[in-house]
Amino acid sequence: MSIVQQEPVGPTYTLWQMVLYMLRLGTLGFGGPVALVGYMHRDLVENRKWISQEDYKEGLALAQMAPGPLAAQLGIYMGFVHYRLRGATLAGLAFVLPSFLMVVALGWAYAHFGGLSWMQAVFYGVGAAVIGIIAMSAKKLTEKSVGKDKLLWAVYLMLAAVTVITESEVAWLFIAGGVLVWLLRAPPKWLTRSSVQAVAMTQAPLAGGLLGFMDASLLTQIAIFFGKAGAFVFGSGLAIVPFLYGGVVTEHHWLNDKQFVDAVAVAMITPGPVVITVGFIGYLIAGLSGATVAALATFVPCYLFTVIPAPYFKKYGKLPGVVAFVDGITAAAVGAITGSVIVLAKRSLIDVPTILIAVVTALLLWKYRKLQEPIIIAAAAVLGLVVYPLMHP
């Protein structure tokens, strides 16, 4: 009788504890999407054991399959695992809110004091440290998700190579990786029974096309544009940058090149999801209302694309076809994340000091596993303020 009662395993934490964790991660979680998904694995799976490895893998796979910012979607899914819609909603809000308030404050300072000249120096140091942080996160994710499996390594290496070569994410290859592993590891008879739900999710982004174009007020135009950004851009917050540039600078002429580059820098030197740069951009376009509309329009689609298919992942997640599909998607996702580390390194490690900062950061995190990333970020920011003027007089 006791064995039967123990079968449905309940959460070992309260919803309030998860919300507080997400608030802390959104406040102190530096390093962009690669680092953030690594922190969630380290804290929620390894250290606190609130979330199982299987649930984490399902969440990461779903976040990669659906459009929108990777880290935010994984955070929403972590809340959903044990507390369903209420948990997903509160975890998502707690994760995004701190960084949103920070970028709005920076947007106000930027607009009122004519730019942030110190930002280049800070980003010089922080950007290099971030490379070290995300490299260690990618290493841990690779060890946990790919292990010694040769088939998963093949998928992983293919996606890493494609990401490095194209410097972008090729969304259909994530699905292809999942399908390949599924076909090789599970009989085709499972196609209509277990994988149909996962494949159907790839069609969800089509719904975003209903917005279309219309002659509208500035706030409505902001809502439509950023809604499309949230509905059609796959993978990480970094992937949204080219899309935003095309609309914000080239098409609508809301910002100039320098303002846009500063917006991306703000996103990288603040904690939380990189895609929160939409709040900074929205503020520069139309003040606080612009920031709020831009953020909501970007995050609502990713929230819906996470909570709507999530129950199907929970229901069918243990079937062999889905397990194989998820393994393939996860290997592809981690491969793309690893590739993005190399792409970012080429842009951020521009001289000897930045290379040294990145290497020392990685070595410190490898040797001192409990070292907190915000300490490294603060030290790197100070180093940037000191070294940058010497390297660029």
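These figures come from a predicted structure and were not determined experimentally.
Here Phe80 contributes atom CZ and Leu62 contributes atom CG; the two are 9.5 Å apart, rounded to the nearest 0.5 Å. Distance check: Ser99 OG to Leu28 CG gives 11.5 Å after rounding to the nearest 0.5 Å. Here Ile329 contributes atom CD1 and Leu180 contributes atom CG; the two are 11.5 Å apart, rounded to the nearest 0.5 Å. Annotation: the span from Leu23 atom CG to Met18 atom CE amounts to 12.0 Å, rounded to 0.5 Å. Taking CG of Asp43 as the reference point, atom CG of Leu25 lies at 7.0 Å (rounded to 0.5 Å). Distance check: Thr292 OG1 to Leu288 CG gives 4.5 Å after rounding to the nearest 0.5 Å.
In this structure, Thr27 and Pro271 approach most closely via the heavy-atom pair O-CG, 2.9 Å. Across Ala91 and Gly79, no two heavy atoms sit closer than the pair CB-CA, 3.8 Å. Considering all non-hydrogen atoms of both residues, Leu74 and Gly59 come closest at CD1-C, 3.5 Å. Gly227 and Pro301 make their closest contact through O-CG, 3.9 Å (heavy atoms, listed as atom of the first residue, atom of the second, distance). Nearest approach of Tyr77 to Ala310, heavy atoms of both residues: CE1-CB, 3.9 Å. Nearest approach of Ala71 to Met40, heavy atoms of both residues: O-CE, 3.3 Å.
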So Phe225 and Val278, side chain to side chain contact (heavy atoms under 4.5 Å, CB included) or not? Walk me through it.
CA-CA 11 Å; Phe225 173 73; Val278 299; over 6 Å; no
Working for side chain to side chain contact (heavy atoms under 4.5 Å, CB included), residues Ile285 and Leu218
CA-CA 9 Å; Ile285 298 170; Leu218 179 58; 4.1 Å; yes
Verdict with reasoning, Tyr124 to Thr354, per side chain to side chain donor-acceptor pair (under 3.5 Å):
CA-CA 7 Å; Tyr124 174 83; Thr354 50; 5.1 Å; no
Side chain to side chain contact (heavy atoms under 4.5 Å, CB included) for Phe260 and Leu244? Distances and angles first, verdict last.
CA-CA 9 Å; Phe260 185 81; Leu244 291 179; 3.8 Å; yes
As a quick check of understanding, evaluate side chain to side chain contact (heavy atoms under 4.5 Å, CB included) for Ile355 and Ile350, giving each step before the final call.
CA-CA 7 Å; Ile355 293 171; Ile350 54 176; over 6 Å; no
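At a threshold of 4.5 Å between non-hydrogen side-chain atoms, the residues Leu44 and Met22 count as touching. No side-chain heavy atom of Met78 sits under 4.5 Å from any side-chain heavy atom of Tyr21. Counting only heavy atoms from C-beta outward, the side chains of Leu184 and Leu151 approach each other to under 4.5 Å. You'll find the side chain of Ile76 reaches within 4.5 Å of the side chain of Cys302, heavy atoms only. Residues Lys139 and Thr142 have side chains not in contact (no heavy-atom distance under 4.5 Å, counting atoms from C-beta outward). The shortest distance between side-chain heavy atoms of Tyr303 and Val307 falls below 4.5 Å. When side chains are defined from C-beta on, Gln259 does not count as touching Phe280, because their heavy atoms never get closer than 4.5 Å. Residues Leu90 and Arg86 meet the side-chain proximity criterion, which asks for heavy atoms closer than 4.5 Å.
One hydrophobic cluster, built from ILVMFWY side chains closer than 4.5 Å, cannot hold both Leu383 and Ile377; they sit in different ones. Using a 4.5 Å cut-off between side-chain heavy atoms of Ile, Leu, Val, Met, Phe, Trp and Tyr, with links allowed through other members, Leu36 and Leu371 fall into the same hydrophobic cluster. When the side chains of ILVMFWY residues are joined at heavy-atom separations under 4.5 Å, either directly or via intervening members, Leu349 and Ile357 end up in two distinct hydrophobic clusters. Both Ile133 and Tyr368 belong to a common hydrophobic cluster when Ile, Leu, Val, Met, Phe, Trp and Tyr are linked at side-chain heavy-atom distances under 4.5 angstrom. In the hydrophobic clustering of this structure, Val126 does not group with Val382; members are Ile, Leu, Val, Met, Phe, Trp, Tyr whose side-chain heavy atoms approach within less than 4.5 Å, directly or through other members.
In this structure, Arg24 places its CZ atom where only 12 or fewer heavy-atom neighbours from other residues, nucleotides or ligands lie under 6.0 Å away. No more than 12 heavy atoms of other residues, nucleotides or ligands sit less than 6.0 Å from atom CE of Met158.
Here salt bridge (Lys or Arg N to Asp or Glu O under 4.0 Å) pairs that include residues 320-338, with residues two or more places apart or in two chains, are Lys57-Asp327.
Counted by atom type alone, Ser217 and Thr220 present one or more donor-acceptor pairs between their side chains at under 3.5 Å.
The side chain to side chain contact (heavy atoms under 4.5 Å, CB included) test applied to Val45 returns His41, Ile51, Gln53, Tyr56, not counting sequence neighbours.
Panel note: side chain Gln17, backbone Thr14; a donor-acceptor pair is recorded below 3.5 Å. The main-chain N or O of Ile222 is never found under 3.5 Å from a side-chain atom of Trp254 such that the two would form a donor-acceptor pair. Side-chain atoms of His252 never come within 3.5 Å of backbone atoms of Val248 as a donor-acceptor pair (strictly under, hydrogens ignored).
Ring centers of Phe299 and Phe226: at least 6.0 Å apart, outside the cut-off.
The pair Asp149-Arg185 counts as a salt bridge, with a side-chain nitrogen and a carboxylate oxygen less than 4.0 angstrom apart.
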